[in-house]
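Heads up: numbering here begins at 1 and tracks the sequence. Computation of the quantities below employed the complete heavy-atom set of this structure, encompassing side-chain atoms and omitting hydrogens, waters and symmetry-equivalent molecules. For clarity, every value in this text was computed on a predicted model and none was experimentally measured.
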Amino acid sequence: MVGLKVFGQPASTEVSRVLTCLFEKNLEFQLVRIDTFKKEHKIPEFLQLQDPSGQVTFREGDLTLIDSRKIIRHLCDKYADQGNKKLYGNGSLEKASIEQWLQAEAQNFGPPSAELVFHLAFAKPLGKEPNMSIIEENEKRLSDILDVYDQRLGKNAFLAGDEFTLADLSHLPNTHYLLTRCERGKKLFTERKNVARWVNDITNRESWKKVTEMQNEHPGPLEK
């Protein structure tokens, strides 16, 4: 019996963050796709969610978590010796650096990138009009953040040092949609040399490739 269960759609940013961590840690899990749509859709699963953030629920025995960043921390703490052992750092100093960038992702990178994902990539397919003032405001916010990232990545291969960690992993979901769904969003990353190199490295990891393959699959019936 699989002890780890993830409920949600792989195409949601919250779910994909958790799935990537599970693959990095080589953990066996069951994905329970929540499909509330009965007819065929040719649009991405992401659109079926009607919510850029999506929803994730993680269950392990009596433990239930619904925040993707808490889930990936939990997985790395509990299964420290499995899979990628460097994902959450070795020692307090490395973990502190990773935490610094996890906080930067959640508080500074996440909000503007999520707004851009919605308004640039998915508003029109959902029948909504993109808000240009919101786009311009959040482009400026994300540009300022990526300028800081570019300086950091000129000194290190990854955000927290020279190893891929949760700090980088947590950026993948929104970055992926901005890179692949809208040229305006893609340019924010590609026009910065160090950021462009970093994005290429993290999006080509096997763990993330597995997640994008899952995103392209049509969801199956609701599992019970």
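Expressed to the nearest 0.5 Å, how far CG of Asn108 lies from CG of Asp144 amounts to 10.5 Å. Atom CD of Gln30 and atom CD of Glu28 lie 10.0 Å apart (nearest 0.5 Å). Atoms CZ and CG, from Phe189 and Asn194 in turn, are 14.5 Å apart once rounded to the nearest 0.5 Å. Annotation: the span from Lys210 atom NZ to Arg205 atom CZ amounts to 11.5 Å, rounded to 0.5 Å. Taken to the nearest 0.5 Å, the CD atom of Gln151 stands 12.5 Å off from the CG atom of Asn156. Note: Arg73 CZ to Ser68 OG = 9.5 Å, rounded to the nearest 0.5 Å.
Closest of all the heavy-atom pairs between Leu188 and Ser143 is CD2-OG, 3.3 Å. Heavy atoms only, all atoms of each residue included: Lys70 and Leu65 are closest at O-CD1, 4.3 Å. Between Leu153 and Ala157, the closest heavy-atom pair is CD2-O, 3.8 Å. Closest heavy-atom contact between Leu87 and Cys21: CD2-SG, 4.1 Å. Scanning both residues, Ser113 and Asn174, for their nearest heavy atoms gives OG-ND2, 2.9 Å. In terms of heavy atoms, Gln215 sits closest to Ser16 at NE2-CB, 3.7 Å.
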Intermediate values then yes/no, side chain to side chain contact (heavy atoms under 4.5 Å, CB included), Gln103 and Arg69: CA-CA 10 Å; Gln103 291 296 324; Arg69 295 173 184 87; over 6 Å; no
Side chain to side chain contact (heavy atoms under 4.5 Å, CB included) between Trp208 and Ile202, intermediate numbers included: CA-CA 8 Å; Trp208 182 249; Ile202 65 176; over 6 Å; no
Verdict with supporting geometry, Leu178 and Leu116, side chain to side chain contact (heavy atoms under 4.5 Å, CB included): CA-CA 8 Å; Leu178 289 174; Leu116 291 174; 3.8 Å; yes
Audit row: Lys155, Asp150, salt bridge (Lys or Arg N to Asp or Glu O under 4.0 Å) steps and yes/no: CA-CA 9 Å; Lys155 301 174 183 177; Asp150 201 56; over 6 Å; no
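Under the 4.5 Å side-chain criterion, counting only non-hydrogen atoms from C-beta, Leu4 is in contact with Leu22. At least one side-chain heavy atom of Leu31 sits less than 4.5 Å from a side-chain heavy atom of Pro10. Contact check for Pro130 versus Ile135: side-chain heavy atoms found under the 4.5 Å cut-off. Contact of the Leu159 side chain with the Trp198 side chain is registered, since non-hydrogen atoms from C-beta on lie closer than 4.5 Å. Side chains of Phe58 and Asp67 form no contact here, defined as non-hydrogen atoms less than 4.5 Å apart. Side-chain atoms of Leu179 and Lys186, non-hydrogen and from C-beta on, do get closer than 4.5 Å to each other.
Contacts of Lys78 classified as side chain to side chain contact (heavy atoms under 4.5 Å, CB included), with partners at least two apart in sequence or in another chain: Glu60, His74. Taking Arg184 as the reference, Glu139 meet the side chain to side chain donor-acceptor pair (under 3.5 Å) condition, with sequence neighbours excluded. For Phe23, the ring-ring contact (aromatic ring centres under 6.0 Å, His included) partners two or more places apart in sequence, or in a different chain, are Phe29. Residues passing the side chain to side chain donor-acceptor pair (under 3.5 Å) test with Asn84 are Glu24, sequence neighbours excluded. In terms of the side chain to side chain donor-acceptor pair (under 3.5 Å) criterion, residue partners of Asn138 (sequence neighbours excluded) are, by chain and number, Arg141. Every residue two or more places apart in sequence or in another chain that forms a side chain to side chain contact (heavy atoms under 4.5 Å, CB included) with Thr180 is listed here: His176. Under the ring-ring contact (aromatic ring centres under 6.0 Å, His included) criterion, His119 pairs with no residue at all, not counting sequence neighbours. Applying the salt bridge (Lys or Arg N to Asp or Glu O under 4.0 Å) rule to Glu206 yields the partners Lys209; only residues at least two apart in sequence or on another chain are considered. For Asp201, the side chain to side chain contact (heavy atoms under 4.5 Å, CB included) partners two or more places apart in sequence, or in a different chain, are Phe158, Arg197. Residues satisfying the side chain to side chain donor-acceptor pair (under 3.5 Å) criterion with Ser170, sequence neighbours excluded, are Arg17, Glu105.
Within 6.0 Å of CD1 in Ile66 there are 12 or fewer heavy atoms belonging to other residues, nucleotides or ligands.
Side chain of Arg152 to main chain of Val148: no donor-acceptor pair is present (N/O by atom type, distance under 3.5 Å, no hydrogens or angles). Distance alone, capped at 3.5 Å, places no donor-acceptor pair between the Ser97 side chain and the Glu94 backbone. Using modelled atom types, no side-chain atom of Lys95 and backbone atom of Gly89 make a donor-acceptor pair closer than 3.5 Å.
Residues Val117 and Ile134 fall into different hydrophobic clusters, defined by Ile, Leu, Val, Met, Phe, Trp and Tyr side chains chained together at heavy-atom separations under 4.5 Å. Met132 and Leu142 fall within the same hydrophobic cluster, defined by Ile, Leu, Val, Met, Phe, Trp and Tyr side-chain heavy atoms under 4.5 Å apart, directly or through other members.
Each salt bridge (charged side-chain N to carboxylate O under 4.0 Å, His left out) pair with one or both residues in residues 160-174, not counting sequence neighbours, appears once here: Lys86-Glu163. Among residue pairs with one or both ends in residues 78-101, those qualifying as ring-ring contact (aromatic ring centres under 6.0 Å, His included) are Trp101-Tyr149; sequence neighbours excluded.
Leu172 pairs in a side-chain contact (heavy atoms from CB on, under 4.5 Å) with only one of the listed residues (Thr203, Val211, Thr212, Thr13), which is Thr203. Of the options Thr64, Val15, Ile71, a side-chain contact (heavy atoms from CB on, under 4.5 Å) to Thr57 is made by Thr64 and by none of the others.
The six-membered or imidazole ring of Phe122 lies near that of Tyr177, with a centre-to-centre distance under 6.0 Å.
A salt bridge is absent between Asp81 and Lys85: the closest approach of a Lys/Arg side-chain nitrogen to an acidic carboxylate oxygen does not fall below 4.0 angstrom.
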